[in-house]
2 protein chains.
Amino acid sequence: MISFAASKEMKTEKIDKRQAIIDAAEKLFCETGYEGTSTRQISNESGANMAMINYYFGSKEGVFVEIMNNRIAGFGSQLKIINEDKISAIEKLNRVIDGYATRILSNPSFHKMMHRELSLSQRPEMYNKIKDAMSLNMQLLEKILTDGQEDGSFKQADNRMVIATIMGTLTNIVISPHKVMPEFDLDLNNPKDKKMIKDKAVAHLQDLLTVYLTTKK
Amino acid sequence: MISFAASKEMKTEKIDKRQAIIDAAEKLFCETGYEGTSTRQISNESGANMAMINYYFGSKEGVFVEIMNNRIAGFGSQLKIINEDKISAIEKLNRVIDGYATRILSNPSFHKMMHRELSLSQRPEMYNKIKDAMSLNMQLLEKILTDGQEDGSFKQADNRMVIATIMGTLTNIVISPHKVMPEFDLDLNNPKDKKMIKDKAVAHLQDLLTVYLTTKK
DNA sequence: GCATTTTAATCAATCGTTTGATTAGTTTTG
DNA sequence: CAAAACTAATCAAACGATTGATTAAAATGC
């Protein structure tokens, strides 16, 4: 019973088996996909016994659901405040682009996995969760666009398509960075490369949309 | 070998078991992914015996490789000629956008599968094939952009990012059409909806890039 | 009648899940 | 306080089902 003086953990070893399973599963799901990952792999990677997966999460899919819920929770929180600020529409848009790029590029693997799940739409529960989380961001983006259009700072545009351009551009960069910059050997796991790609992406999108939305026809 | 007078097929039955396997496998791979599709499913869906898969293609992966090769072959063929035409850079760009949207939206399921494969990058052979096929299109796009910039009709821009925007926007629309137009119940399998989405996407991208690339700073 | 195509049966391997037992820590009880 | 009862966590082993692949025999076409 926890010897005196609180011996927390020994080195950095197994803080929590439950969390270890989540961490290992997320890594593996990102790398090899849901179907491509076996419970035995999760067991090995996490150091937990196979039975613990079902003990804690009921099933392999239960682990997946848990991971997605954890990540998706608090998705819109940081972005929502942007729309409260007393700043111009164009400034709001620029901040949203930066915030969106930051989040997506902070965990490219997970974003890839999310998109695989969305494109497969096998597990309806997950599909709807992802869809809802995304639609939160879309509503925010749309509001910024329509507000800007109403006060005359943005010209009229196909806002749905504008949103598709913002999200699509960032997703495209995350999924195929080599395509974007084939002349270098860029690696999204390298923090330096990641920052460079993010800066380029943000600068491009901000420039693109500023020019597009504020140019008099 | 193909008896005289070409007795094609009897009713609509088994024209070719080999082709039936390819068709069934492509459908299933698109719907449930590569790992999520079993050889027995392919066998059932195609009407061919399980052993025929290995007989004709050596393995399950062999079927997959065959499908990808068939689809990828002739990828750049239709687009290459565009760059030969004696038309303005902006006109070339508009045509490429239309051609690209047409191809992607002509088979959304396959395009989704291709992107899943690209984002998983499990099978290196496939990964490289897809990458090479895409990079063909990218080179064409980049050439159009730089040509336009050299003759002064386009302003300087981050061309790699511009390309990411074009491809990313279209991919985003294909993968999540509901996100793009949640107020309607659009369906990419419905030819009418598909045409409408394609027209909207093309119009948006052409407008966006025309404004962006031809606006004096 | 020979080569090609197709079949049913079977293979070892792996899948996700469940089991019964064991450990250690906590609570309850007398 | 200590014996008894209970609880959550963990384990090795095994479950039945399914996986991709292979076999050897049968059917087919020429």
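Treat the numbers as computed from the prediction; the structure is a model and nothing was measured. Proteins come first, then strands; the chains are lettered A, B, ... in the order of their sequence lines, and each starts at number 1.
Every residue two or more places apart in sequence or in another chain was checked for a salt bridge (Lys or Arg N to Asp or Glu O under 4.0 Å) with B/D23, and none qualifies. Partners of B/K198 under the salt bridge (Lys or Arg N to Asp or Glu O under 4.0 Å) rule, at least two apart in sequence or in another chain, are B/D98.
Taking the side chain as every heavy atom from C-beta outward, A/D132 and A/I72 never approach each other to under 4.5 Å. Using a 4.5 Å heavy-atom cutoff, the side chains of B/R103 and B/H111 are not in contact. The closest side-chain heavy-atom distance from B/I173 to B/K200 is not below 4.5 Å. Contact check for A/L145 versus A/L213: side-chain heavy atoms found under the 4.5 Å cut-off.
Residue contacts for B/Y56: at a heavy-atom cut-off of 4.0 Å it reaches the sugar-phosphate backbone alone, with no base atom in range. Here B/Y55 lies in heavy-atom contact (under 4.0 Å) with a base.
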Item to complete: Would you mind building the protein contact string for nucleotides 14-26 of chain D? One character per nucleotide, 5' to 3', B for base within reach (heavy atoms under 4.0 Å), S for sugar-phosphate only, - for untouched.
Response: B----BBBBB---
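For the pair B/E35 (side chain) and A/G36 (backbone), a donor-acceptor distance under 3.5 Å is absent.
For DNA chain C, no neighbouring residue in residues 20-28 of chain A is found when judged by any heavy atom under 4.0 Å.
The closest side-chain donor-acceptor pair between A/T165 and B/T165, if any, does not fall under 3.5 angstrom.
Rounding to whole angstrom units, CD1 of residue A/I42 and P of C/dT14 are separated by 17 Å. Note: CZ (A/F64) to P (C/dT17) measures 14 Å, nearest angstrom. Distance CE (A/M52) to C1' (C/dT23): 12 Å, rounded to an integer number of Å. Distance CZ (B/R18) to P (C/dT4): 15 Å, rounded to an integer number of Å. Atom CG of A/D16 is separated from atom C1' of D/dT10 by 13 Å (rounded to the nearest Å). Spacing between atom NZ of A/K17 and atom C1' of C/dT23 amounts to 13 Å, rounded to whole angstrom units.
Using bins of under 30°, 30° to 60° and over 60° for the plane-to-plane angle, the ring pair A/F64/A/F29 lands in the perpendicular bin.
Within the structure, salt bridge (charged side-chain N to carboxylate O under 4.0 Å, His left out) pairs that include any residue of residues 42-65 of chain B comprise B/K27-B/E45 (at least two apart or interchain).
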Worksheet, complete the sentence: DNA chain D in dot-bracket form (Watson-Crick or G-U pairs under 3.5 Å, [ ] crossing, | inter-strand) is ||||||||||||||||||||||||||||||
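Using a 4.0 Å cut-off between charged nitrogen and carboxylate oxygen, B/E66 and B/R18 count as a salt-bridge pair.
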